Amino acid sequence: MVTRILLVLALAVPAAIDYPPLGPVVWEANDRNSIPEPKDREISTIYDFLLGTFAQPVGRAADVPRNVRGLIGKPKEAQHVNVLDEVPNSSWFTNRNFVSRMSLEDVQRGPGGTGPDPQGPWTITHCKTNGISPGLRIKDQKGDVYLIKFDPPDFPEMSTSADAVGARFFYAAGYNVPENTVVAFDETILKAENDLECAGPSGKMIALAAGGLEHFLGSVGRTKDGRLRAIASKFIAGKPKGPFSYSGVRSDDPNDTIPHEHRRELRGLRVIAAFLNHHDVKQINTLDSYVEENGKKFLKHYLIDFGSILGSATIAPKSGTQGNENIFDTGEVFKAFITLGIYRRPGDREEDPLHPSIGYIEGKELEPSKWRTNYPIAAFENMTDRDAYWGAKIVASFTNEQIAAIVKTGKYTDAIAESVLIEILEQRRDRIIDYYFRRVAPMDRLKFQGNSLVFADLAIDAKRDDPVRVRYQVTTEAKNLKRVSGTFNHGASIPVDVTDEPSEVKITRTSPGWPELSMSVWIQRVSGVPTVVGIRR
Amino acid sequence: MSARNCIRILGIVFLLSGTGVSSEAQVGSVVKWPFEQVGAGVNKALLFVEKRPFFRSVTARDKDPGSGPKEGFAPLVGGLGDGSGLTGGLQYTTSFAAGWRATVSGRLSTHAYQRYVFSLNKEFGRVRTGPELMWESRPEEDFYGEGSDSDASARSTYGVSGPRAAWVTAAKLGPVELRHSLRWDRYDLFAGRDNRFPTTQETFTPTEVSGGYSNSQFVTNQLAAVLDYRDDPKDPRAGTMVTGAVEVRNGIRQTAANFTTLRLAHYFYVPLSERKAHLFAFRTEAVHNISDDAIPFYLEPTLGGSNSLRGFREYRFRDNDALIATAEYRYRIWRYMDAVIFGDAGQVYPNVFKDAAHTKMQTDYGGGLRVSTPIGLQMRLNIGHSSEGTRFWFRLGAFTW
């Protein structure tokens, strides 16, 4: 038995050697090479639920090396990061607001597009039958194809606004998203293609041209003046090839070499999803598209369908438990059972949402570590503190002005609801910063100015800590020679000796009321220029 | 130690005590195997199901509550009563000329209980009317003798089957629904097929059972009224409902018995929180028969089973009249599941008005779960305890109250 345990430890520990890869900073991943056209991939909604809720948790519980690493505090870190612990641009992700702050116009524009021409006519070519909200696929005058989806009648603006706002936040964060635009239009511009039949609420096919459209539109939300209001989501360029998985790789995509559960941009997505209360993260809400860019044909990976973010659960406001527990959460069920229902679950509430157009979303009550999706997502379950910090600094990069600018694209007619939502998102951002920036040293953007090392303190930049009270103790180490360089205030340039060999600079951050947080930076003279060649948080 | 670490340690112990230690890649492949091989097959099968209009019609049920069955095929579960085993079936509904709607359905259980129904109806404003034809077979019914002092060890089995033809008219006037049916029904008795027990015909002489063992036919006039102030008829959590029915049965051909049955039931729900996550639910129900003739034993009211005295076997007590009162505390433990603590009291009587005062009620208590799935399927699981032991009930199909 002891031998077995030692063998397991021996297998697990080498993967956790605390020494970062050193070398040139890679900002572009090599995953956009031409590949043969992959097959369509389909995933059953029920299967995805069963997989995430039951099968994968069992698999994780039975994964010995993973559990050993978890016990000794050395979880497997993400594989898809550069020497600065950043995610390179790829077919999955493009560094945007954190690396280079976007203008207010840019965050509002998001992936671009102004939606279909509201003058019409719009030709209905298909009906959306999957998912929980009704939708139509239309072709506008220009020939552009959109999926239009509507609000539930009792909660006008709720899901359509969430869809527009969500797309812009995720775009600014760095993800590929469709062009989502809120549109209001007269239903007379809708023309059904000849003989088009759609499944009605009872499942029976109904002809849209023969009165079926009125039936279809009878249960959707409208504007106060009776027009239809919808989210118009432009069809993504390329050929749709089905959703991507949050675990494993796609076998027919030679560019896809890193298991998705180990991709930083998917692990760290958990924090960004928590910020936006996107409790409905799942395979169905993603899409791989076979695109051609710069003469190369490859799969590009998108997040889609944000109707269930913020306070919306698409067809109704979020319940108190959505975002606070998985759909099937044995622990919460057991607690409720043995206490005869007296136990109050996290997020449990009695009152209706104050603002129907924004639904229900917590602000300063958010507990980032306890936030949950509908069911466990493999990549999220693998998130380490470093992954979380990466996600948190993207969340922290959204300024109050940017948040307000993006929320305005939701076209809320209730100005009070809009301002409440802005305030709530600011509170959620700050809760995330306060939690994750206390677990990993928030010193970032390290670079040399001459021979001095300079860096930003993201907690101070986000106004969550006082620059006057923060101190940094710096220690350098090279070839067993240890030298304390001293203690510095915020904003100071740190003079360090840089040689042709990599040397480690350890920076320890102290601030009253904060835990002591350390990070190591490896520096080296490259082509005669002092350079940061590695980071370990 | 956190729960997560406990799970990790359990996982490690589990594997180390088993097939030995593998490299990470090997463990990974072992762990992934079910996902990649079996999973692909399961995914394909579920995709096939999800794409059927049939599946959409099932999942659409809760989102489009309306009157009457939905168009097209729909699955049926349960509905043949306690002791019938697992029941499944299919229903097909279609509309045709002049607004008539036809429904045909069939149910079959693992104990060979069967029911086939064909109905035709048309709506005239608030009134719906039309004919209904049915044939039903119940081959494993239980009989312990009649009266409150029947012997639990005298369990016997009988079967009954027969056709029914009716003209049914229903009118909905706000919270009140009136229903009238004029029907002919026939009951053919046969030896029970539950071979664990002797047949009723062997165990009890014809004079020991009300109405003997002769087959019977009736013309029945039934008038019922329902006053429904519940918040959600599919899963009520607040409000009240009262139902009353008068049923006049006249025996025809060789059937001499004529009798009138009065039924009154009251359901009352008291939510204890604004979201109705906790509630008390009460039910009282009384059945009284007025007749100078012997009422066939298979038409007498019964107590015992998943829907009345849950600590007793199904159909444990029967007599001319019956009284049942139930109280439940229901509390939400999951978005699709309530836990229940309940107590039942009930008794059967030759005449409830004369005998109720001096006959002790049968009582039981227990707990259970009520599951209401997002695709409309509902199920109940109850465990009841009484002086005759502990009974376990699992029931698929729509909640009855």
Side-chain angles (χ1 to χ4, degrees), chain A residues 1 3-5 7-8 11-12 15 42-48 50-51 55-68 70-71 129-130 132 199-205 219 247-248 315 319-322 327-329 331-337 340-342 348-352, chain B residues 3-5 7-12 14-17 20-24 27-28 30-32 34-36 39 42-50 53-61 63-64 66 70-74 273-275 277-278 329-339 341:
Chain A
M1 185 65 176
T3 312
R4 286 176 174 182
I5 292 173
L7 268 169
V8 170
L11 284 165
E42 280 190 290
I43 190 83
S44 148
T45 309
I46 298 172
Y47 174 76
D48 196 28
L50 296 175
L51 187 71
Q56 287 185 336
V58 170
R60 283 191 289 273
D63 186 342
V64 174
R66 181 179 189 276
N67 290 322
V68 170
L71 279 174
T129 53
N130 60 340
I132 56 172
S202 66
K204 188 182 179 186
M205 300 305 284
S219 60
S247 62
I315 56 171
S319 69
T321 54
Q322 286 172 317
I327 287 177
F328 188 77
D329 196 318
E332 296 297 320
V333 170
F334 183 69
K335 285 180 210 167
F337 180 73
L340 304 184
I342 296 164
D348 202 3
R349 70 185 203 285
E350 290 290 311
E351 70 279 6
D352 287 323
Chain B
R4 176 168 291 200
N5 281 346
I7 292 168
R8 283 174 170 154
I9 289 171
L10 283 172
I12 292 165
F14 171 72
L15 277 196
L16 291 182
S17 61
V21 177
S22 317
S23 73
E24 184 176 6
V27 171
V30 168
V31 168
K32 284 173 184 168
F35 305 150
E36 291 176 358
V42 173
N43 183 46
K44 268 187 183 173
L46 289 170
L47 273 171
F48 178 81
V49 173
E50 286 176 11
F54 169 76
F55 178 80
R56 286 201 293 269
S57 72
V58 176
T59 55
R61 281 185 161 197
K63 295 162 202 164
D64 183 34
K70 304 294 180 290
E71 298 274 310
F73 283 102
S273 57
E274 200 174 327
R275 290 272 162 195
H278 316 76
Y329 169 59
R330 300 175 184 169
Y331 59 100
R332 180 138 291 176
I333 58 171
W334 185 38
R335 68 175 76 174
Y336 305 122
M337 191 187 293
D338 283 352
I341 296 170

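Side chains are part of it too, since the values below use all heavy atoms of this structure and drop only hydrogens, waters and symmetry mates. Naming: A, B, ... by sequence-line order, numbering from 1 per chain. A quick note: this is a predicted structure, and the numbers were derived from the prediction, not measured.
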Heavy-atom distances under 4.5 Å only: say whether B:Arg332 touches chain A with side chain, backbone, both or neither. backbone

Engaged part of B:Phe48 at the chain A interface, taking heavy atoms whose separation is under 4.5 Å: neither

Spacing of CG belonging to B:Leu46 relative to OG1 belonging to A:Thr45, to within rounding of 0.5 Å: 9.5 Å

Contact winner vs chain B - A:Asp48, A:Thr321, A:Leu50, A:Leu340, heavy-atom pairs under 4.5 Å: A:Leu340

Most heavy-atom pairs under 4.5 Å with chain B, out of A:Ser319, A:Gly331, A:Ala336, A:Gly320, belong to A:Ala336

Which bit of A:Phe334 is near chain B, if near means a heavy-atom gap under 4.5 Å: side chain, backbone, both or neither? neither

So, the part of A:Ile342 with a heavy atom under 4.5 Å from chain B: the answer is backbone

Considering only heavy atoms from C-beta outward, does the side chain of B:Tyr331 approach that of A:Phe337 to under 4.5 Å? yes

Check for a donor-acceptor pair, side chain of A:Tyr47 on one end and backbone N or O of B:Ala45 on the other, with a separation under 3.5 Å. no

Side chain to side chain, A:Ile327 and B:Tyr336, heavy atoms closer than 4.5 Å: yes

Name the region of A:Ser247, side chain, backbone, both or neither, that has any atom closer than 4.5 Å to a heavy atom of chain B. neither

Atom CZ in B:Arg335, atom CG in A:Asp329: separation rounded to 0.5 Å? 10.0 Å

Interatomic spacing from CD1 in A:Ile43 to CD in B:Glu50 - rounded to 0.5 Å: 9.5 Å

Check A:Glu42 against B:Asn43 and note the closest heavy-atom contact, atom names and distance. O-ND2, 3.0 Å

